[in-house]
K.L.:
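What follows is a structure written as structure tokens; I'll ask about it next.
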Amino acid sequence: MSCLDLIPCLYLFFKEICLDKRNGRFRVGIIKGRKELMAEIIRISESPKHENQEVTIQGWLYNKRFSGKVRFLLVRDGSAIIQCVVVKSEVSEDTFEKTDLLTQESSLKVTGVLVADKRAPIGYELHVKEIEIVQIAQDYPITPKEHGIDFLMDHRHLWIRSKRQHAILNVRHEVIRAARDFFNDRDFVLIDSPIFTPNAAEGTTTLFQTDYFGSPAYLTQSGQLYAEAACMSFGRVYCFGPTFRAEKSKTRRHLTEFWMIEPEVAFFDLQDDMQLAEEFVSHIVQTVLKKRRAELETLERDTSKLENVVPPFPKIHYNEAVEILKKNGVDFPYGDDFGGADETVLSAQFDKPVIVHHYPAEIKAFYMKRDPDEPQFALAMDMLAPEGYGEIIGGSQREDDYDTLLKRIREHNLDEEAFRWYLDLRRYGSVPHSGFGLGIERTVAWITGTKHVRETIPFPRLMQRIYP
RNA sequence: UCCGGCGUAGCUCAAUUGGCAGAGCGGGUGGCUGUUAACCACUAGGCUGUAGGUUCGAGUCCUACCGCCGGAGCCA
């Protein structure tokens, strides 16, 4: 505990609330003044450390319930929600009347004594002595009742205050922190790739075009090619940033703007790449299980399905995957890529994420190296999350031979000149190297058990939505 | 882009065969000393997405358009 925490007196502005009888609305005015607050300001999550102490919490009214002369204020401060009990006989008339004025999401400061109580969800209640109203919220739109998805998305800026959304975004934060820690602890260097790119990298997906001082530029669809360049400088690198796809996809697995973390490692082959991927995903899941139990409970996630996400993951050849589909009665044309329904059938066979490798080279990107022993297959791998959450990782060993890569670029009718720098990487000390990209939103959707990825990013960008 | 579904109060939804447009929540007023989406009583609140059409009469049937939702393709 720092000395600053112990400074007992704080100067604060306080505000006076007046009821305007003519229009029935509350008027909030600031009165210049000082108020001595004897209690220490704490976060609600720190309650156990302050049992039976007088403290002040600062936050917003989540909900309130009345029972005559006893009133219950549910106050949230971002760290947790605590029930504040206001008993008429124990507070001033002024303080008790303030509970009448408080509406949902009004901002306030509450001072009282923290008392352990078995009935309380977090184990503690605040027995109120004093209330300071910061601002009265008028007609908060998201009421404690059901709402439709369109209404909630229109109010996404407020919806993120709700319990479930709050829990999902906390898990997202933990996923990102665990992902960064994983690479940082393994001596990877963070080298971010540019957002503006001069050309369509893979030539397959539809990109967002912008005007870059009179020339066309595109928002990146992947940081991988630049990560490959950085990899030849640092040995092991990762990039982490937003990526953009202009495809008119309308499914629960797609956003137009999403976040991807992409490691790239020199002297790694496909086997090394798959091993890194399974250790990486396992680390993320186990970290969330350890640090975000409360959130997973709020989300009613069946954590038993996450507990066994530890290496090794099942790894199957494309041919084996096709066999599994056939065995399950799926009429699958050999040589195609798997659709959403196919992925669900495949992942249902295993209780962990499954890695499918050696996809037909024709359906994969130009930069993927082909297996020398069976050249019809690319040294590619995808990781499919369990429970039908789809592909969370796509990766491969990269083509490291100059002539072969040039040939592929020409086969795919890509702009040779635009890839001059990329080809340079194969002219000056080319080495085998591999990497992959993990989609943050799909990973969070899987771990939290959220059906649609739009709830796993703070402000989703979808084909039909760019507000708020 | 294609296939399917839905647009009714601030929100979530009802409305029988085409026959007076309703409820819960939220808002307002009052009551209640342990509430857990509190409860009880009263109260205000409507261009039924838009434009046409059929009909004595349309929230309901028909046509077009707009918006949204779900799925497909593409992908992480």
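Chain naming here is simple, since letters A, B, ... match the order of the sequence lines and numbering starts at 1 in each.
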K.L.:
Cation over ring, A:R180 on A:F182, under 6.0 Å and within 45°?
P.N.:
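So A:R180 doesn't make the cation-pi contact.
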K.L.:
Let me know the distance between CG of A:D154 and C1' of B:C69, rounded to the nearest Å.
P.N.:
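Interatomic distance, CG of A:D154 to C1' of B:C69: 13 Å.
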K.L.:
What is the distance, to the nearest angstrom, from the OH atom on A:Y62 to the P atom on B:A38?
P.N.:
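Going from OH in A:Y62 over to P in B:A38 covers 10 Å.
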K.L.:
Whole angstrom is fine here: how far is it from CD in A:Q221 over to C1' in B:A76?
P.N.:
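In whole Å, B:A76 C1' lies 11 Å from A:Q221 CD.
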K.L.:
The side chain of A:F258 lies closest to which of these nucleotides: B:C25, B:G34, B:A76?
P.N.:
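Of the candidates, B:A76 comes closest.
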K.L.:
Mind calculating the distance between CD (A:Q138) and P (B:G26) to the nearest angstrom?
P.N.:
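Distance, rounded to whole Å: 18 Å.
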K.L.:
Using a 4.0 Å heavy-atom cut-off, does A:F72 contact any base of the nucleic acid, only the sugar-phosphate backbone, or nothing at all?
P.N.:
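Contact class for A:F72: base.
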K.L.:
Measure the shortest side-chain to side-chain distance between A:F196 and A:T220 over non-hydrogen atoms and say whether it is less than 4.5 angstrom.
P.N.:
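Counting from C-beta outward, A:F196 and A:T220 never come under 4.5 Å.
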K.L.:
Under 4.0 Å, heavy atoms only, any strand: does A:Y140 hit a base, just the sugar-phosphate, or nothing?
P.N.:
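Answer is nothing: A:Y140 stays at 4.0 Å or more from every strand.
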K.L.:
Check the distance between B:C69's C1' and A:M153's CE and give it to me in whole angstrom.
P.N.:
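In whole Å, B:C69 C1' lies 12 Å from A:M153 CE.
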K.L.:
Within the modelled atom types, does a donor on one side and an acceptor on the other bring the side chain of A:R252 and the base of B:C69 under 3.5 Å apart?
P.N.:
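A donor-acceptor contact between them is absent.
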K.L.:
Indicate, with a heavy-atom threshold strictly under 4.0 Å, whether A:Q83 touches base, sugar-phosphate, or nothing.
P.N.:
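A:Q83: base contact, heavy atoms under 4.0 Å.
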K.L.:
Identify each atom pair where a protein N or O and an N or O of nucleotides 5-8 of chain B are less than 3.5 Å apart, giving names and distance.
P.N.:
none

K.L.:
To the side chain of A:D139, which of B:C75, B:C69, B:G27 is closest?
P.N.:
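That would be B:G27.
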K.L.:
Please check the phosphate of B:U1 (OP1 and OP2 only) for any side-chain N or O of A:K248 closer than 4.0 Å.
P.N.:
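Indeed, a polar side-chain atom of A:K248 lies that close.
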K.L.:
Would A:K364 and A:Y359 count as a cation-pi pair here, with the cationic atom under 6.0 angstrom from the ring centre and within 45° of the axis?
P.N.:
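The answer is yes; both the distance and angle limits are met.
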K.L.:
I'd like the P distance from B:G49 over to B:A21, given in whole Å.
P.N.:
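Approximately 15 Å lies between the P atom of B:A21 and that of B:G49.
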K.L.:
So, is A:N63 near the phosphate of B:U35, with a side-chain N or O under 4.0 Å from OP1 or OP2?
P.N.:
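No, no such contact exists.
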K.L.:
Using the P atom on both, measure B:A15 against B:U60 and round to a whole Å.
P.N.:
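One P to the other, the span is 14 Å.
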K.L.:
Are A:R408 and A:F366 in a cation-pi setup, meaning NZ or CZ lies under 6.0 angstrom from the ring centre and within 45 degrees of the ring axis?
P.N.:
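Judged by the rule (NZ or CZ under 6.0 Å from the ring centre, within 45° of its axis), A:R408 is not positioned above A:F366.
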K.L.:
Requiring both pairing distances under 3.5 angstrom, list the stems that contain RNA chain B and are made of three or more consecutive Watson-Crick or G-U pairs.
P.N.:
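Stem list for RNA chain B: B:1-7 with B:66-72, B:10-13 with B:22-25, B:27-31 with B:39-43, B:49-53 with B:61-65.
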K.L.:
Identify whether the distance between the nearest side-chain nitrogen and carboxylate oxygen of A:K326 and A:D331 falls below 4.0 Å.
P.N.:
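No.
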K.L.:
At under 4.0 Å between heavy atoms, what does A:L74 touch on the DNA or RNA strands: base, sugar-phosphate, or nothing?
P.N.:
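A:L74: no heavy atom of the nucleic acid under 4.0 Å.
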K.L.:
Return the 5'-most residue of the pair A:G439, A:P141 with respect to RNA chain B, ranking by each residue's nearest nucleotide.
P.N.:
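The residue closer to the strand's 5' end, by nearest nucleotide, is A:P141.
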K.L.:
Could you check whether any side-chain N or O of A:E262 sits under 3.5 Å from a backbone N or O of A:G223, counting only pairs where one atom can act as donor and the other as acceptor?
P.N.:
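Yes, the answer is positive, given that a donor and an acceptor are paired below the 3.5 Å cut-off.
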K.L.:
Taking only the side-chain nitrogens and oxygens of A:R65, find out if one of them lies under 4.0 Å from OP1 or OP2 of B:U35.
P.N.:
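Answer is no, no contact under 4.0 Å.
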K.L.:
Do A:H147 side-chain and B:C11 base share a donor-acceptor contact under 3.5 Å?
P.N.:
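Flag unset: no donor-acceptor pair detected.
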K.L.:
Taking B:C6 as the reference, what is the distance to B:G28 when you measure between their P atoms (whole Å, please)?
P.N.:
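It comes out at 36 Å once rounded to the nearest Å.
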K.L.:
Can you sort out the partners of A:F151 under ring pair (Phe, Tyr, Trp, His ring centres under 6.0 Å), two or more places apart, ordered by chain and number?
P.N.:
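Expected list: A:H147, A:H155.
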K.L.:
Does a distance-only test, which skips hydrogens and angles, find a donor-acceptor pair under 3.5 Å between the side chain of A:S249 and the base of B:C75?
P.N.:
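Checked by distance alone, the answer is no.
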K.L.:
Do the side-chain N or O atoms of A:R454 get closer than 4.0 angstrom to the phosphate oxygens (OP1, OP2) of B:G70?
P.N.:
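For A:R454, the contact criterion (side-chain N or O under 4.0 Å from OP1 or OP2 of B:G70) is met.
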K.L.:
Give the nucleotide from the list B:A38, B:A76, B:A72 with an atom nearest to the side chain of A:M260.
P.N.:
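For A:M260, the side-chain atoms sit closest to B:A76.
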K.L.:
The criterion is ring pair (Phe, Tyr, Trp, His ring centres under 6.0 Å); which residues satisfy it with A:F240, sequence neighbours excluded?
P.N.:
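Only A:W259 meet the ring pair (Phe, Tyr, Trp, His ring centres under 6.0 Å) criterion with A:F240.
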K.L.:
Report the residues that fulfil ring pair (Phe, Tyr, Trp, His ring centres under 6.0 Å) with A:Y226, sequence neighbours left out, ordered by chain and then residue number.
P.N.:
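By the ring pair (Phe, Tyr, Trp, His ring centres under 6.0 Å) rule, A:Y226 matches A:W421.
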K.L.:
Mind calculating the distance between CG (A:D336) and C1' (B:G73) to the nearest angstrom?
P.N.:
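Whole-Å distance recorded here is 12 Å.
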K.L.:
If you pin A:V70 and A:F66 to their nearest nucleotides in RNA chain B, which one's is more 5'?
P.N.:
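Per heavy-atom nearest nucleotide, the more 5' residue is A:V70.
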K.L.:
With sugar-phosphate meaning primed atoms plus P, OP1 and OP2, does A:H155 contact a base, only sugar-phosphate, or nothing at under 4.0 Å between heavy atoms?
P.N.:
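No contact at all - A:H155 keeps every heavy atom at 4.0 Å or more from the nucleic acid.
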K.L.:
May I have the distance from A:I122 (atom CD1) to B:U36 (atom P), rounded to whole angstrom?
P.N.:
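It works out to 19 Å between those atoms.
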K.L.:
Please check this pair: side chain of A:H412 against backbone of A:L414, looking for a donor-acceptor N/O pair closer than 3.5 Å.
P.N.:
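No; judged by distance alone, with no hydrogens or angles, the pair does not exist.
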K.L.:
Output side-chain donor-acceptor pairs under 3.5 Å for residues 84-92 of chain A, partner residues at least two apart or in another chain, one line each.
P.N.:
from  : atom 1 : to    : atom 2 : distance (Å)
A:S92 : OG     : A:T95 : N      : 3.1
A:S92 : OG     : A:T95 : OG1    : 2.9

K.L.:
Tell me the interatomic distance from A:R119, atom CZ, to B:U35, atom C1', rounded to whole angstroms.
P.N.:
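Roughly 9 Å, once rounded to whole Å.
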K.L.:
Where the side chain of A:K250 is concerned, which of B:A72, B:U12, B:A76 is the nearest nucleotide?
P.N.:
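Nearest to the side-chain atoms of A:K250, counting from C-beta on, is B:A72.
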K.L.:
For the pair A:D94 and A:K98, find out whether any cationic side-chain nitrogen is under 4.0 Å from an anionic carboxylate oxygen.
P.N.:
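Answer for the salt bridge query: yes.
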K.L.:
Measure from the side-chain heavy atoms of A:K69 and tell me the nearest of B:G34, B:U33, B:C25.
P.N.:
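Nucleotide nearest to A:K69's side chain: B:U33.
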